[in-house]
Amino acid sequence: MANQKEIPYKIYLEENEMPRQWYNVRADMKNKPAPLLNPGTLQPMTAEELSGVFCDELVKQELDNDNRHIDIPQEILDFYKMYRPSPLVRAYCLEKKLDTPAKIYYKFEGNNTSGSHKLNSAIAQAYYAKKQGLKGVTTETGAGQWGTALSMACAYLDLDCKVYMVKVSYEQKPFRREVMRTYGASVTPSPSDTTAVGRRILAEHPGTTGSLGCAISEAVEVATSTPGYRYVLGSVLNQVLLHQSIIGLETKAALDKYGITPDLIIGCAGGGSNLGGLIAPFMGEKLRGEKNYRFIAVEPASCPSLTRGKFVYDFCDTGMVTPLAKMYTLGSNFIPSPNHAGGLRYHGMSSILSQLYHDGYMEATSVEQTSVFEAAQMFARVEGILPAPESSHAIRVAIDEALKCKETGEEKTIVFGLTGTGYFDMVAYEKFNDGVMDDYIPTDEDLAVGFAGIPKFPGNEI
Ligand SMILES: *Cc1c(COP(=O)(O)O)cnc(C)c1O
């Protein structure tokens with residue numbers, strides 16, 4: 001056993017130690033995630049049907065339940081090298097502050113201009129679109145991190161980028177919008193009158209501040225009706241979790257260097273991509289019966305898809321233009337209160353994580369906004385990094401688990417994902433600092449409205 005003090009504050013990998021393949025956790029799952037269904041026929045979506053929406057190589061990755069390792073193309077590896085490997089940090093200062101015997105590590109994904117892990121998949125998706133000879137891509141963005149990441153990737157590859165941005169974020173975060181435009185993306189607040197589905201949603205919900213589900217509908221409509229364009233998505237899909245496995249692979253390589261075995265791995269969960277990526281190689285070991293770890297997904301109490309949602313087939317968007325995905329969902333017409341963790345406001349959850357949670361391989365918990373910002377503030381003050389509100393959900397639970405260790409005297413090793421920085425979230429920090437942040441938790445009646453919109457067909461009862 002290495003002496004605790006021999007472990008540096010930051011464990012960096014060398015460039016030549018970076019993973020050269022993504023890891024596909026589906027290959028090790030006995031119960032595979034359920035396939036996407038065509039909402040018209042209720043049959044699994046074929047590659048041909050999906051290729052109208054996504055570019056061909058990504059369709060292949062989406063449907064690949066068998067190949068354990070997939071080569072990362074050299075061009076993507078080269079881009080990764082501009083901001084990876086990302087550091088795994090030993091949170092010595094936080095441990096001291098908490099006076100806990102627990103050993104806390106965090107994998108920091110905020111060290112790039114987009115400020116989050118989303119760049120890991122953005123560059124992959126843009127690369128395959130470019131390779132196919134497409135003109136451009138369309139997408140939605142909530143808090144703005146995904147749109148920023150995609151606009152960076154598209155600028156690098158000289159690809160056009162059309163972003164539909166949830167209206168409340170478009171208004172609250174003008175600086176995010178301008179970063180995207182600086183990288184050459186066009187940004188439209190959603191719902192908008194530029195699409196048929198946007199006009200319909202505006203007519204049904206006048207004055208709506210929008211949701212990720214609405215913005216997805218608009219972006220998909222534009223992609224499928226504009227020649228040379230495809231749609232890309234920043235989370236939820238199998239392909240995105242595949243690309244994000246780079247986070248977990250690097251984390252594991254860094255821990256292995258020092259012979260460290262985590263007991264507990266924690267991540268925030270919006271659509272599930274950072275958590276799915278962080279836990280992937282560890283989950284693989286658990287699924288193969290080689291090791292045991294605890295995994296905890298942390299979601300906001302205001303948008304509790306895993307902890308209070310239904311595990312059924314549902315639309316991925318509000319306009320019901322996407323395929324059906326089997327996942328923990330609050331219903332595609334659930335519009336969460338405008339809380340301050342925009343990246344965690346999606347109504348559903350990755351099919352992979354949903355299946356793993358359903359099968360008991362992963363736990364989930366929800367936390368309230370004010371306690372999340374208390375954790376964020378403590379973290380910023382002792383560890384120096386100003387965390388994204390999304391990431392701070394994981395910080396909250398990591399702190400809580402470390403405090404439990406203080407009570408029991410257990411020296412557990414805790415790893416959590418610090419997915420990004422919060423510089424564009426100062427309106428939220430301002431609310432917290434002024435003491436006017438509220439903790440909205442939907443009632444069962446509120447949730448029933450969303451559940452009522454879940455499509456009904458034999459075998460899909462809620
Ligand atoms: C988007 C985002 C998340 C949540 O998305 P997942 O797909 O669940 O990872 C978390 N943290 C940050 C900083 C984000 O930008």
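Counting starts at 1 for both ligands and their atoms, following the listed order.
- T419 OG1, 3.3 Å is the protein heavy atom nearest to atom 13 (C) of ligand 1.
- Interface atoms of ligand 1 facing S116, defined by a heavy-atom separation under 4.0 Å, are 13 (C), 15 (O).
- Every atom of ligand 1 with a heavy atom of A269 under 4.0 Å away is listed here by number and element: 8 (O).
- Here is the list of ligand 1 atoms found below 4.0 Å of a heavy atom in E390: 10 (C), 11 (N), 12 (C).
- Here the side chains of L324 and L36 are not in contact, with every heavy-atom distance at 4.5 Å or above.
- The protein non-hydrogen atom at the shortest distance from atom 4 (C) of ligand 1 is G343 O, 3.4 Å.
- Heavy-atom contacts of S235 reach the following atoms of ligand 1: 6 (P), 7 (O) (cutoff under 4.0 Å).
- Only the side chain of L344 comes within 4.0 Å of ligand 1, judged by heavy-atom distances.
- In summary, the aromatic rings of W22 and H243 are positioned with their centroids under 6.0 Å apart.
- With sequence neighbours left out, V240 forms a side-chain contact (heavy atoms from CB on, under 4.5 Å) with S121, Q125, L237, Q244, S273.
- Below 30°, between 30° and 60°, or above 60°: for H358 and Y328 the angle between ring planes is between 30° and 60°, a tilted geometry.
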> How far apart are the C-alpha atoms of R294 and E363, what are their side-chain angles, what is the distance that settles it, and do they pass the salt bridge (Lys or Arg N to Asp or Glu O under 4.0 Å) test?
Replying inline: CA-CA 8 Å; R294 273 181 74 202; E363 303 162 37; 2.8 Å; yes
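- Taking a cutoff of 4.0 Å between a charged side-chain nitrogen and a carboxylate oxygen, R26 and D28 do not qualify as a salt bridge.
- Between G272 and ligand 1, an N or O atom pair is found at a separation short of 3.5 Å.
- Polar contact check, N274 against ligand 1: a nitrogen or oxygen pair lies under 3.5 Å apart.
- For Y127 and F79, the gap between ring centers reaches or exceeds 6.0 Å.
- Distance from atom 8 (O) of ligand 1 to its nearest protein heavy atom, with residue and atom name: G270 N, 2.7 Å.
- Of the charged side-chain nitrogens involved, at least one lies within less than 4.0 Å of a carboxylate oxygen, so that K107 and E250 count as a salt-bridged pair.
- Considering only non-hydrogen atoms, atom 3 (C) of ligand 1 lies nearest to K118 out of E109, K118, Q145.
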Atom pairs and distances, donor-acceptor, side-chain atoms in residues 278-287, under 3.5 Å, two or more places apart:
unit_1	atom_1	unit_2	atom_2	d
E285	OE1	Y293	OH	2.5
K286	NZ	N292	OD1	3.3
K286	NZ	Y293	O	2.6

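- Between G234 and ligand 1, not a single N/O pair is under 3.5 Å apart.
- Neither the backbone nor the side chain of Q244 comes within contact range of ligand 1; no heavy atom lies under 4.0 Å.
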